[in-house]
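Below is one structure; the comments refer to it alone.
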Amino acid sequence: MHILFLSHAAIDQEIALYLKEILQALFSEMDVFVSSDPEDLPSGTAWVETVLHNLREARKICILATTRGLDRKWVWFEAGSGWREGGFVPLALGKVRKHLLPPPYSHYQGHNIDEEEDCRKFLRSLEADFGVMQGTPDYGDIQRNLIRLDVRSEERLAATQNPFLAELDAEADRLLAQLGAWEQEAVRLVLVQGELTDRQAMAQLQSKTLLQESVGSVFISIAERTNFVRRVWPVGQTEHVTGYQGPYQISPNYKDSLVRIFERQKLLRQSKKT
C-alpha cells in the first residue's frame, strides 16, 4: 500500500472523504490519508506527528484547492512539504480554476477536479504510482457529487459567519418560488448588473423571449411581494405624473441569499448537462 496525502480545509471534510472513497475503490494499492477522517486520526493520536509522518511517506500529495482550502494556513504548510519533496497536485474545485491558482500552486500541473476531462486525466496520472485503475469510473456522477458537496461546504462556511443564514436563505427560496419565470430572471439580472430600470429590464427579458409584451413595471410588483428589490432614486416632484423612471437594486437583506440561490441553480444546471 502506498500513501496519497489529501490536504484540505476542515470545512471541506465531506469532499475529502468522498474523494478518499472513490480513490481507494479505484486503486487497490492506494491508502488515502485524510486528517479529518477518524480512521486516519483516531482519538488520542498525536495528530501533528501522524500528519508529518504521512507527509514524509506519501507517494503523492494532493491539495484540495477550494476557496476555503486556499484560505487555511495549515493547507499551505502541507503544500510546502510537497514542494520540498518534489511536487504536489492541486485539485481545483468550485470557484477556483487551475489557471487562476496562486503561486506556489500555479507552479505545478493542476486539475479542475469537477470537470469530467480533467478528472479523467488526474485519475489516469495516478496509475504510475498506484497501479492500474480497477474498473471504469462514472465521471459524470463524480462531477455532479463534487459540485453538490462544494455548494454544501460553501453554505456551511456562510452559516458559521451568520447564525441566521439558514432562515434568510429559506425565506428567500420561499419568496422566489412565488415569482414567475420572467420575474425570477428580472431579479437575477439586477443582481448581476447592479442596477436596472424597468425599461432596461423589460428589453432584456423580451430579448430572451421570457416576456412577450410590455408591462407597466417589471419591478414594482416584485418589490411589493418579496422586498427583493428597492428603488435607487428618491421620490421626484413629477413622479406622480411620469411614474418612477429610475433604476432598482437588490435589497441588502436578501443579496447574499439570492447570490447563493442563483449560483446553486447554475451549478445544478451544469451538472445535469454532463
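No side-chain heavy atom of N227 sits less than 4.5 Å from a side-chain heavy atom of N253. Annotation: side chain of K98 is not in contact with side chain of E115 (no heavy-atom distance under 4.5 Å). Using a 4.5 Å cut-off on side-chain heavy atoms (C-beta onward), L55 and V51 make contact. By the 4.5 Å heavy-atom criterion applied to side chains, F88 and S7 are not counted as neighbours. Between H8 and L93 the shortest side-chain heavy-atom distance does not fall below 4.5 Å. By the 4.5 Å heavy-atom criterion applied to side chains, E167 and E171 are not counted as neighbours. Between L191 and K255 there is a side-chain heavy-atom pair separated by less than 4.5 Å. Side-chain contact check for D118 versus I113: every heavy-atom pair is 4.5 Å or farther apart.
Taking the six-membered ring where tryptophan is involved, the planes of F228 and Y254 are perpendicular, since the angle between them exceeds 60° and thus also 30°.
L168 and V151 fall into different hydrophobic clusters, where Ile, Leu, Val, Met, Phe, Trp and Tyr residues are linked whenever their side-chain heavy atoms come under 4.5 Å apart, directly or through other members. At a threshold of 4.5 Å between side-chain heavy atoms, the hydrophobic network of Ile, Leu, Val, Met, Phe, Trp and Tyr places L19 and L126 in one connected group. The cluster map of Ile, Leu, Val, Met, Phe, Trp and Tyr, joined by side-chain heavy atoms under 4.5 Å apart, puts V232 and F219 in the same cluster. Residues I222 and V215 fall within the same hydrophobic cluster, defined by Ile, Leu, Val, Met, Phe, Trp and Tyr side chains chained together at heavy-atom separations under 4.5 Å. Both W182 and L258 are assigned to one and the same hydrophobic cluster, defined by single-linkage of ILVMFWY side chains at heavy-atom distances under 4.5 Å.
Closest non-hydrogen pair, S257 versus A172, comes out as CB-CB, 3.9 Å. What you find for D12 and R68 is that their closest heavy atoms are OD1-NE, 2.6 Å. Smallest separation of non-hydrogen atoms from V75 and A9: CG2-N, 3.8 Å. For Q245 against W233, the heavy-atom pair with the smallest separation is C-CZ3, 4.3 Å. Considering all non-hydrogen atoms of both residues, T66 and V96 come closest at C-CG2, 3.6 Å. The minimum heavy-atom distance between E183 and G180, with the atom names listed, is OE1-N, 2.8 Å.
The backbone N or O of A92 sits nowhere less than 3.5 Å from a side-chain atom of N112 that would complete a donor-acceptor pair. Counting only distance, with no hydrogens or angles, the side chain of Q212 and the backbone of L210 share no donor-acceptor pair below 3.5 Å. Between the side chain of D114 and the backbone N or O of I147, no donor-acceptor pair lies under 3.5 Å. Q24 contributes a side-chain N or O that, together with a main-chain N or O of V32, makes up a donor-acceptor pair within less than 3.5 Å.
Scored by the side-chain hydrogen bond (donor to acceptor under 3.5 Å, both in side chains) test, R230 finds Q249 as partners (sequence neighbours excluded). Taking F262 as the reference, nothing meets the ring-ring contact (aromatic ring centres under 6.0 Å, His included) condition, with sequence neighbours excluded. Residues passing the ring-ring contact (aromatic ring centres under 6.0 Å, His included) test with Y244 are Y248, sequence neighbours excluded.
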Side chain to side chain contact (heavy atoms under 4.5 Å, CB included) between Q109 and S125, worked out: CA-CA 11 Å; Q109 179 62 51; S125 73; over 6 Å; no
Salt bridge (charged side-chain N to carboxylate O under 4.0 Å, His left out) evaluation trace for R120 with E117: CA-CA 5 Å; R120 180 180 287 106; E117 185 57 30; 3.0 Å; yes
Stepwise side chain to side chain contact (heavy atoms under 4.5 Å, CB included) check, T50 with F33: CA-CA 10 Å; T50 302; F33 179 84; 4.1 Å; yes
Residue pair R152, R148: steps toward the side chain to side chain contact (heavy atoms under 4.5 Å, CB included) verdict: CA-CA 6 Å; R152 283 173 51 152; R148 176 179 58 83; 3.5 Å; yes
Chi angles and distances behind the side chain to side chain contact (heavy atoms under 4.5 Å, CB included) call for R225, L175: CA-CA 8 Å; R225 291 153 59 198; L175 292 172; over 6 Å; no
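Here the straight-line distance linking atom CD of E57 with atom CE of M1 works out to 14.0 Å at 0.5 Å rounding. A distance of 13.0 Å separates CZ in R144 from CG in L149, rounded to the nearest 0.5 Å. Taking CG from D31 and CZ from F5, the interatomic distance works out to 12.0 Å, rounded to the nearest 0.5 Å. The CG atom of L146 sits 11.0 Å away from atom CD of E14, with the distance rounded to the nearest 0.5 Å. For the atom pair NZ of K20 and CG of L6, the computed distance is 9.5 Å after rounding to the nearest 0.5 Å. Atom CD of Q184 and atom CG of L179 lie 6.0 Å apart (nearest 0.5 Å).
We find that R264 and E154 are not joined by a salt bridge, their nearest charged nitrogen and carboxylate oxygen being 4.0 Å or further apart. Between E127 and R124, at least one side-chain nitrogen of the basic residue sits less than 4.0 Å from a carboxylate oxygen of the acidic one, meeting the salt-bridge criterion.
When only modelled atom types and interatomic distance are considered, Q193 and Q204 share a side-chain donor-acceptor pair under 3.5 Å.
Counted within 6.0 Å of CZ on R199, heavy atoms from surrounding residues, nucleotides or ligands total 12 or fewer; the atom is thus considered open.
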